[in-house]
Every structure is written in C-alpha cells, then in structure tokens.
Amino acid sequence: MYALVDCNNFYASCERLFQPHLVGKPVAILSNNDGCIISRSDEARALGIPMGAPEFQVRDVLRQHQVHVFSSNYALYGDLSQRVFEILRQFSPNVEEYSIDEAFLNFDGMDSNLDFNDYGHQMRNRIRKWLSIPVCVGVAPTKALSKVANKIARKFPDKTGGVYVIDTDEKRIKALKWTKIEDVWGIGYRMKKKMVARNIKTAFDFIDPMHTAWIKTQMGVVGLRLKKELEGESVLALDDVTTKKSIAITRSFPKKLTDYDALRERISTFASVCAEKLRLQHSCCQTIIVMLNTVNYDNGRKSRYFQQVVTLPFSTNSTLTIVDTAVKMLQKLHAENEGLLYQKAGVIVTQLRNENEKQFDLFVDENPKHLSLMKAMDAINGKIGHRKVKLGAQGNQTWNMRQNKLSLKYTTHFDQILTIRCQ
DNA sequence: TCTGGGGTCCTAGGACCC
DNA sequence: TCTGGGGTCCTAGGACCC
C-alpha cells in the first residue's frame, strides 16, 4: 500500500504557525518579486482569488476583504517541509519527498494487519500537534490511486477526518467514478481537452477497455501505466529523489534588461549558484544551458525564447568553469540578438553524475586546483555567511527581489527567532 | 537493375507535476 | 506600473555503429 500525504495550503499554513491569529482568516502568499498568488488559505480561495493570478489584478479584492498577504519565505517553508518529512519517516522508512509539501510513503514489509485508517490519523495528528500543519492522507494500492484517495480526504473533511483509504474494489470504482478526468494525476490541460472530446469525463471512463488503443496512441506508455495504476496494479515505484538530475536557476527581472554587462552579472550569479548546488549534492554537470527570455504580456502574450547548450569535454562542479562557460554562451546569444529587452534569464545544468564517477577527457582537463579552491570557498562561506566569497564577475550590485511582505525566518536565523515574554 | 537487420546515443520539444 | 520558479519523463528523428 501507498500513502500520499499532502499539506493543506502549505505556505499559508507555514505563516500561520508563527502567527496563529491568522487561523480562520484569509491568507495569500505571493511568488518571487511579489508577482502572482501562489498559495492561499481556504478562506482566501472562497473569496474567488484564483491560483496564479497576478497580484495587481486582485489587489482590490485583497484589500477589500483584508486578506493577509505575504511574500514567499522559502527559508521558512523549506525548513518546515523537512520537519514534516522527518515526522513521516517515523511511520515508514520508505518516504519519497515528492514536492515541498507532499510525500509518498510505502508500507511494504510492514505489519500486514496494519489499520491504515488509524495509521493515517496518527500521522495527521502528530504533524498537526508538532508543527500545526494540517495535512490530508490518502492510502491505496498504487501511487495514482493514493492521489485519488487524498483528494477525497481533502474534499470531505467532515466525513473522512482528513484520511481516506481505498482498500476494496468497490471503493476504488466509486472513487474513480467520482474523480473528474482533469483531476487525475498525469492528465493536464491538453490531454483533458482530448479526453472530453472523446467523452472521457471521469477516471472511470479512462480505464474503459474501449479506449486502451486510443490512449496508447495519444499518451504512449505513460497513459498505459496510468491506466494500470488506476486499475489497482502498481507499476510506479517509490522514487529516490534525493539527488537531482538537473538544476536550474532562472529569474524574472524587476525591469527588462538589454545591457550586456547587467546580463553578464546575472548569468554569472545564476551559474555560480548552480555550481554551489551541484557541490552540495556531490554532483558534477557536463551540460550547461543558458537561456534568455523576452516576455510581452500586452501583445498577445508573445514571448521569445533563446537558448544555448554546451556540452563540456569533462564534467565539473567548479564555479570558475561553469561561470566562464555560461558567460561565453551569453556573449554569443547577446551578439546574435542585439537590442532585445529581456525579462527573464536562467542557467540550467544537466547531465549530472556523482562527483566520484567523473569521466575524464583524454586531452582536455580542468585545472585540478579548482577542486581545492572550491573546497576553500565553500568552507569560508559556510563559516562566515552565505556567498561572502564570490567571483569578481558577480559584481557588488545587489539584486533585491521585491519582497515587501516577508515574514521572519523563524526557524533558520538566530536573529529572527520568536521571543516570548512571560508575564 | 537488384541493396538487410539490429542496434546506440543525442537532441529538441512536448507534456506533465508542484 | 505590476505577470514565479524548479523539476521529471517520454518520443521522434537524426546520425552513427557493425
């Protein structure tokens, strides 16, 4: 059996943990640069504030209903996320951290008489008690079905108490008939349209044998796997997601950029953060992608996308090499597209492998001194603070995101720990 | 004039997830 | 005026190998 544990309105719940007076009140969280709504409490959702809406478009509603609005505080959310996973590991050693706010658990090899409903409530209660974060738990024989079960738990809190178990065929069929096709895990916007055109409106319609061949042509093996999962046959195992297969740093700019020097500074910084993250997970990359984006929201939302891909002769996690390569790529991109105004840029590193399994090139090699230099740099930065030592290319300009409504780093910063006075 | 069969690797792009 | 960021997997097609 699998469980899917999903935190309710996670970011909003994190803010409420340290500001409990917000419980029961509408709360909304903004994306980077305070651009869009990316999380909201049930109360804010009930006000009709759509997910992903640009903040300025819903500003009036927010003000009118006194919605408590926050900038994204990833230091806080990331830390609380890890604490949730820590608790979950007390219930099973097999935990897949699927996203910042949800995890799959597998119970293979555990007591076969386990009462999953009861066990689910124990998880829920412990997370609620220790972290004040409400979660829902769905349990079923496959990952896709546990997603369905979770949705039911979330939708009917009174009847389920936030936990729902699909453990019989009867319950499975009922659940599938209830689940709209667009709510099935793996069916996105485009597939939904095709499905509905073919009169597939629920998850139950989807598993009808008459559609099998069609699903194969439309979705390939992905669709067939999903079908099996919904039929109760487990084909998706728990994934090990602790080491990433690609790392991306991309940002929108507060103001459109065209100036090469400014872009070079941004790309250098993104590239060096990629290198840091690579070293943190003990990986090297062999391929580097630099991208520039123009965005035009007014003119039919047309945006243009430029990118360069370079595969190195050896794999690396040296900041020097990655920044140097990225800047050369930027040079080329910028020269080819003179005068454009860029809204976003990014650096992505892929083709990652463990730093111990490095493949060497016969003739071209990285200066071995990089390795010790990076070690020294990481050690100093670890001691005296984040990114105090950096490359000259990154400059001294600070690129502060707009974060006008940021809460404190309650759990990760000594200066910002909550103070409680006893009278 | 007629010309086999079985592979691998890489890349770009699409679709999806949160 | 103001519109996020970071991932995964699969497929088709090209180029190559013997």
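Numbers restart at 1 for each chain; the letters A, B, ... are given by sequence-line order, proteins then strands.
Rounded to whole angstrom, the span from the CD atom of A/Gln57 across to the P atom of C/dC2 amounts to 13 Å. Between A/Lys256 atom NZ and C/dC2 atom C1' the separation is 11 Å, expressed in whole Å. A/Lys344 has its NZ atom 14 Å from the C1' atom of C/dC2, to the nearest Å. Separating the NZ atom of A/Lys216 from the P atom of C/dT11 is a distance of 7 Å, rounded to the nearest angstrom. Atom CZ in A/Phe56 sits roughly 8 Å away from atom P in C/dC2 (whole-Å rounding). Whole-Å rounding puts the A/Lys245 NZ to C/dC10 C1' distance at 12 Å. A straight line from CG of A/Asn32 to P of C/dG6 spans 8 Å, rounded to a whole angstrom. Atom OH of A/Tyr305 and atom C1' of C/dG5 are 13 Å apart (whole Å).
Within the 3.5 Å criterion, the main-chain N or O of A/Asp239 finds a donor-acceptor partner in the side chain of A/Glu96.
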For DNA chain B, the dot-bracket pattern of Watson-Crick and G-U pairs whose distances stay under 3.5 Å, | for other-strand partners:
....||||||||||||||

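Between the side chains of A/Ser272 and A/Glu276, no donor-acceptor pair of N or O atoms lies under 3.5 Å.
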Show the distances under 3.5 angstrom between N or O atoms of the protein and N or O atoms of nucleotides 15-18 of chain B.
from: B/dA15; atom 1: OP2; to: A/Arg190; atom 2: NE; distance (Å): 3.3
from: B/dC16; atom 1: OP1; to: A/Gly188; atom 2: N; distance (Å): 3.1
from: B/dC16; atom 1: OP1; to: A/Met191; atom 2: N; distance (Å): 2.9
from: B/dC16; atom 1: OP2; to: A/Arg190; atom 2: N; distance (Å): 3.3
from: B/dC16; atom 1: O5'; to: A/Gly188; atom 2: N; distance (Å): 3.4
from: B/dC17; atom 1: OP1; to: A/Gly186; atom 2: N; distance (Å): 2.9
from: B/dC17; atom 1: OP1; to: A/Ile187; atom 2: N; distance (Å): 3.3
from: B/dC17; atom 1: OP1; to: A/Ile187; atom 2: O; distance (Å): 3.3
from: B/dC18; atom 1: OP1; to: A/Lys147; atom 2: NZ; distance (Å): 2.7
from: B/dC18; atom 1: O3'; to: A/Ser99; atom 2: OG; distance (Å): 3.4
from: B/dC18; atom 1: O3'; to: A/Asp101; atom 2: OD1; distance (Å): 3.0
from: B/dC18; atom 1: O3'; to: A/Glu102; atom 2: OE2; distance (Å): 3.0

Show your working on ring-ring contact (aromatic ring centres under 6.0 Å, His included) between A/Phe107 and A/Phe91 and close with a plain yes or no.
CA-CA 9 Å; A/Phe107 304 106; A/Phe91 289 90; 8.9 Å; no

ring-ring contact (aromatic ring centres under 6.0 Å, His included) between A/Tyr2 and A/Phe104, worked out:
CA-CA 7 Å; A/Tyr2 290 88; A/Phe104 285 104; 7.2 Å; no

Step by step, work out the side chain to side chain contact (heavy atoms under 4.5 Å, CB included) result for A/Asn199 and A/Lys201.
CA-CA 6 Å; A/Asn199 219 20; A/Lys201 291 175 180 159; 3.2 Å; yes

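A/Asn150 is not listed as a side-chain neighbour of A/Tyr164, based on a closest heavy-atom distance of 4.5 Å or more. Between A/Ile181 and A/Thr202, the closest side-chain pair of non-hydrogen atoms is not below 4.5 Å.
Closest to the A/Val222 side chain, of the nucleotides C/dG4, C/dC10, C/dG7, is C/dC10. Residue A/Arg59 places its side chain closer to C/dT1 than to any other of B/dA12, C/dT3, C/dT1.
Atoms NZ and CH2, from A/Lys147 and A/Trp185 in turn, are 6.5 Å apart once rounded to the nearest 0.5 Å.
Toward the 5′ end of DNA chain C lies the nearest nucleotide of A/Thr250, the other residue of the pair A/Thr250 and A/Arg225 mapping further downstream.
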